Each structure stands twice: as structure tokens, then as C-alpha cells.
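Just so it is clear, the model here is predicted, and its values are computed rather than measured. Quick note on labels: first sequence line is chain A, next is B, and so on, each numbered from 1.
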Protein chains: 2
Amino acid sequence: MARTAKHSKQELRDMALAAARAVIAEEGSRNVTVRAVAARMGYSVGTLYNIFEGLEELIAALNAETLDGLYDALSQAPITGKPEADLHALLDRYLDFVAANRREWTMMFDERLPEAKAPPAWYLEKVARVFTLLGRMLQPLFAPGEEADLTSAVRLLWIAMHGVWTLDAGGKLFIVTNDPVEKVAHDMVDMFLAGLGARKGD
Amino acid sequence: MARTAKHSKQELRDMALAAARAVIAEEGSRNVTVRAVAARMGYSVGTLYNIFEGLEELIAALNAETLDGLYDALSQAPITGKPEADLHALLDRYLDFVAANRREWTMMFDERLPEAKAPPAWYLEKVARVFTLLGRMLQPLFAPGEEADLTSAVRLLWIAMHGVWTLDAGGKLFIVTNDPVEKVAHDMVDMFLAGLGARKGD
DNA sequence: AAATTAACTTGAACATCGTTCAATTATGCC
DNA sequence: GGCATAATTGAACGATGTTCAAGTTAATTT
């Protein structure tokens with residue numbers, strides 16, 4: 001009952017996101033414009049608006065893909081049961097990912113959502129997945145029945161690491177310290193583990 | 001030998017920044033445009049370019065003022081010599097300032113400096129001032145000769161708090177936790193102090 | 001096979017943005 | 001009064017996100 005498109009909607013979506021990533025790689029994230037993406041995928045601007053509500057949604061879809069990639073990278077980290085070693089291994093994968101996808105990663109955090117607009121449920125779920133990974137690593141430090149303390153610790157650690165990541169990705173870590181981001185991240189984890197150990201001793 | 005301006009360059013600068021703040025308050029930071037600021041200060045766009053190199057420099061000047069305001073707020077925190085109480089008091093002032101200047105504060109961290117361009121020296125100095133405040137509060141926890149550990153601890157704590165602040169200001173803290181930002185910040189400090197205590201016990 | 005229908009695609013047009021700069025205005029000086 | 005000079009203007013330019021009437025193409029219907 002209709003014309004068969006040269007590409008399905010899913011194909012167009014993938015082409016658009018791939019085109020956007022190409023623009024990011026070759027021209028920087030500032031040049032991710034509707035026209036640039038459209039031109040690179042061989043379509044017109046109008047077609048992009050047929051797939052996405054607008055540029056913001058395209059970038060949101062890009063960020064979702066990036067978040068998935070992060071999770072995939074993290075989920076390959078081994079869990080030996082030794083929190084310190086496991087966390088350090090996880091961190092290294094995180095930092096490798098950020099280093100390899102710096103511009104994409106930075107974009108994830110400057111999506112300026114229209115002031116007090118809740119992110120969609122699927123986004124929260126993607127974030128929760130990452131928390132679950134952290135939780136599994138910290139598990140050995142907590143006795144059964146201390147689940148509340150565990151989740152609280154996971155959140156605090158994640159927030160602290162968020163400080164490291166945002167400063168690094170924004171190119172502003174060197175304002176604070178001259179240490180490489182790997183050392184800062186490891187120091188942060190160590191400080192945290194020391195704090196956790198001290199609290200359990202109370 | 002020249003025309004006397006209706007307003008001195010310094011006055012124009014102040015008027016522009018005040019106009020920008022008015023725009024932020026009434027129309028949001030997205031609407032801080034050259035035309036909006038110029039109209040609000042009763043001048044044309046050309047005049048703005050006579051004062052600032054461009055919009056980016058205007059926003060940078062705005063951010064500098066915000067950073068000064070932050071320092072002023074923080075420097076009023078009392079130093080009693082008890083790190084825990086002092087840090088909590090400092091945090092409360094920090095959080096009050098961020099709450100009262102949410103949009104301005106957020107703007108400080110999304111100035112997308114053209115990829116690996118160093119900020120000016122005066123900016124680094126303003127940041128260093130804040131570190132000095134933190135350092136004075138943590139001082140009692142360190143023996144003479146441990147200055148390196150002190151500055152390292154200050155940096156780590158500041159980075160961790162940066163995670164709290166950015167998530168909160170970006171309206172994304174609730175993705176991580178339902179706790180109010182004050183509780184998160186205090187928990188973070190407590191975790192840090194516990195970690196410091198444990199390390200000194202080594 | 002022709003006509004119809006509907007999805008797909010286009011790109012000109014619009015409002016707005018940052019930025020530039022020739023022209024205008026208004027003052028101090030001789 | 002006339003001149004030089006600084007301050008100020010606002011039209012103009014290129015680029016942006018977005019809209020939408022018009023055109024195109026294939027499946028369906030007659």
C-alpha cells in the first residue's frame with residue numbers, strides 16, 4: 001500500500017548515527033549539524049526529520065548507543081571477589097573506553113535537557129545496569145543484611161568517579177592536578193575502599 | 001581628543017554582565033544571545049563587540065564573576081580546627097550558593113573551550129584560591145612534612161565533590177539517588193574523612 | 001493496464017544565531 | 001567653526017534548526 005523505501009527506517013536510523021559519528025571523528029562534535037549529517041548519509045535534511053523529531057533526539061540516540069558501548073566494555077571486566085583488584089580492573093576499562101571515545105563520551109554529558117525534564121525510563125535502566133556491575137564488585141565488603149549500605153556506597157563511589165570523568169572529558173582535569181586520569185581514578189577508589197574499611201570497623 | 005562616552009568601558013562591561021544575568025534569570029541561559037544582552041542594556045550588538053571579543057568572552061567574564069561569588073561565599077565559612085565540622089559548614093555554603101545561582105553555576109562548566117585550549121592564568125588562580133580554603137580545613141589531619149599528602153587529599157575531595165555538584169546542577173542527581181544533595185555531599189565528606197583516618201593509621 | 005493512493009523524499013523558505021564593518025554620530029581640540 | 005577621533009549603529013552575511021508544500025515512486029485498486 002505504499003512505496004518501498006530504498007532503506008528501512010531502521011537502516012536510515014543506523015545510517016544517520018553512523019554519519020553523525022563520522023562527523024564527530026572528522027570535524028568534531030561542534031559540527032554535528034543536521035545538514036552535515038544529512039549530506040554524509042546521502043539524504044536531505046527533510047529525511048532526517050522523518051526519522052528523528054529533531055537534532056536533539058538524534059544526539060540523544062547517539063548518546064544511548066555510547067552508553068551501551070560503555071556497558072559492553074565494562075561488563076567484560078572479571079569479577080574475582082577481591083574488590084580492590086576488581087574495581088581497578090573495571091576502572092581501567094572505563095578509562096580505556098573514555099579515551100577511545102572521548103568526544104562521544106563528552107557529548108553524553110552536555111545534552112542540556114530542557115531544565116527539569118525527566119530522562120526516559122530506558123535511560124535510567126541503562127544507568128542502573130552500570131550500578132549493578134559496581135554493586136557486584138563491592139559485594140564482598142558487605143555482610144548480608146547490609147544491602148542498603150552497599151547501594152549507598154555504590155552511589156557515592158559512582159558520583160565521585162563522575163567527578164573524575166567529567167573533569168577529564170572536559171579537558172579540565174589538569175586544572176586540578178597534573179596526575180594522569182588513571183592515577184586519579186585509582187587513588188579515588190583506594191580512598192573509597194579505605195573509607196569503607198574504616199566504617200565497617202566502627 | 002576623543003568623544004566622551006556615555007558610559008566608560010568598565011561601566012559598559014558591568015552593564016553587559018548585569019544584562020546577561022537578567023536574561024539568565026528571566027529567560028534561561030539558552031537565551032543569552034548577543035542581541036538579547038545588547039537590547040537589555042540599551043545598546044546595539046556592535047557595542048558589545050567593542051567590549052568583548054565575542055559572545056564566548058562575555059560568557060567567560062560572566063563565569064569569572066560567578067567563580068568570584070563562590071569564593072566570597074566560601075571564604076565566610078568559619079575554621080574552628082575540627083575538619084569534619086568545618087568541611088560540613090563549607091559544604092553547606094557551597095550548596096547554598098549553587099542552589100541560589102543554579103543556572104550561572106551550570107554555565108561555568110559547559111563553556112566548551114575549543115578542544116585542548118588552556119584556560120587563562122587568572123582562572124587557574126581563582127580555582128587555586130578555593131583549594132587553599134579546603135586545604136586549611138584539612139590541615140589538622142596532617143602532620144608537618146605531609147604537605148604532599150594534604151594537597152593530594154584536597155584534590156581528590158574536590159574532584160569527588162565536583163561529581164556531586166555537576167550531577168545536582170545538571171538536574172541528574174536523582175538518576176543516581178533520591179537523597180537530597182545536602183545528604184549526598186555530607187556522606188561524601190564523611191566517607192572521605194573515614195578514608196583519610198584509615199590511611200593515617202597505616 | 002491505468003488510475004489511485006499513500007509513503008517517501010526533497011529543498012526552498014523562515015526565523016534566529018554570531019559576527020563583521022562601512023557609515024553615522026557626537027565629542028574634544030585647535 | 002572645522003577637524004580629527006572615538007563611540008555607536010544596524011544592515012548584511014553565512015550558518016544554524018526547523019517546517020512544509022510539492023514532487024516522486026511503488027503498491028494497491030479498478
Practice task
Taking the side chain as every heavy atom from C-beta outward, state whether B:T151 and B:F131 have any pair of such atoms under 4.5 Å apart.
Solution key: no
Problem - Pairs satisfying side-chain hydrogen bond (donor to acceptor under 3.5 Å, both in side chains), at least one member in residues 128-143 of chain A, at least two apart - result: A:D68-A:R129
Handout entry: Angle between terminal axes - the helix from C:dA1-D:dT30 to C:dC30-D:dG1, 5 pairs each end, rounded to 10°
Key = 30°
Practice task
Could you tell me which residues satisfy side chain to side chain contact (heavy atoms under 4.5 Å, CB included) with A:R40, sequence neighbours excluded, listed by chain and number?
Solution key: A:A19, A:A22, A:V23, A:E26, A:E27
Problem - DNA chain C contacts made by residues 40-47 of chain A, counting heavy atoms under 4.0 Å - result: A:Y43, A:S44, A:V45, A:G46, A:T47
Problem - Near-strand residues of residues 16-26 of chain B, defined as heavy-atom separation under 4.0 angstrom from DNA chain D - result: none
Problem - Results of side chain to side chain contact (heavy atoms under 4.5 Å, CB included) for B:A61 - residues two or more places apart only - result: B:R13, B:L17, B:F52
Exercise for the section: Please state how far atom CD in A:E57 lies from atom C1' in D:dG17, giving the value in whole angstrom units. Expected result: 14 Å
Exercise for the section: Check the distance between C:dC21's P and B:L48's CG and give it to me in whole angstrom. Expected result: 17 Å
Problem - Those residues that, when tested against A:L124, pass side chain to side chain contact (heavy atoms under 4.5 Å, CB included) (two or more places apart) - result: A:P119, B:I175
Practice task
Figure out the CD/P separation between A:E11 and C:dC8, and round it to whole Å.
Solution key: 13 Å
Exercise for the section: Using whole Å, report how far CZ of A:F52 lies from P of D:dT19. Expected result: 15 Å
Considering only distance and modelled atom types, tabulate donor-acceptor pairs under 3.5 Å from the side chains of residues 154-167 of chain A, sequence neighbours left out.
unit_1 : atom_1 : unit_2 : atom_2 : d
A:R155 : NE     : B:V176 : O      : 3.1
A:T166 : OG1    : A:H162 : O      : 2.9
A:T166 : OG1    : A:G163 : O      : 3.2

Handout entry: A:I59 CD1 - D:dT18 C1' separation (whole Å)
Key = 14 Å
Handout entry: For the student: nearest non-hydrogen atoms of B:A153 and B:L196, plus distance
Key = CB-CD2, 4.0 Å
Exercise for the section: Using side chain to side chain contact (heavy atoms under 4.5 Å, CB included) as the criterion, list what pairs up with B:A64, not counting sequence neighbours. Expected result: B:W122, B:K126
Extract all donor-acceptor atom pairs below 3.5 Å that involve side chains of residues 87-99 of chain B and protein atoms in other chains or at least two apart in sequence.
unit_1 : atom_1 : unit_2 : atom_2 : d
B:H88  : NE2    : B:D190 : OD1    : 3.1
B:D92  : OD1    : B:H186 : NE2    : 3.0

Problem - Nearest-angstrom distance from the residue atom CG of B:N50 to C1' of C:dT25 - result: 14 Å
Exercise for the section: For B:T80, enumerate each residue passing the side-chain hydrogen bond (donor to acceptor under 3.5 Å, both in side chains) test, keeping only those at least two apart in sequence or located in another chain. Expected result: B:D86
Check: protein-nucleotides 15-18 of chain C nitrogen or oxygen pairs below 3.5 Å:
unit_1 : atom_1 : unit_2 : atom_2 : d
C:dG18 : OP2    : B:V34  : N      : 3.0
C:dG18 : N7     : B:R35  : NH1    : 2.7
C:dG18 : O6     : B:R35  : NH2    : 2.7

Practice task
Return the value, rounded to whole Å, for the distance between atom CD of A:E53 and atom P of D:dG17.
Solution key: 16 Å
Fill in the blank from the handout: Closest heavy-atom pair, A:A143 versus A:E146, reported as atoms and distance to 0.1 Å, is N-OE1, 2.7 Å
Problem - Closest non-hydrogen atom pair, A:K9 against A:N50 - result: CE-O, 3.8 Å
Problem - Between B:Q10 and B:D14, a side-chain donor and acceptor under 3.5 Å - result: yes
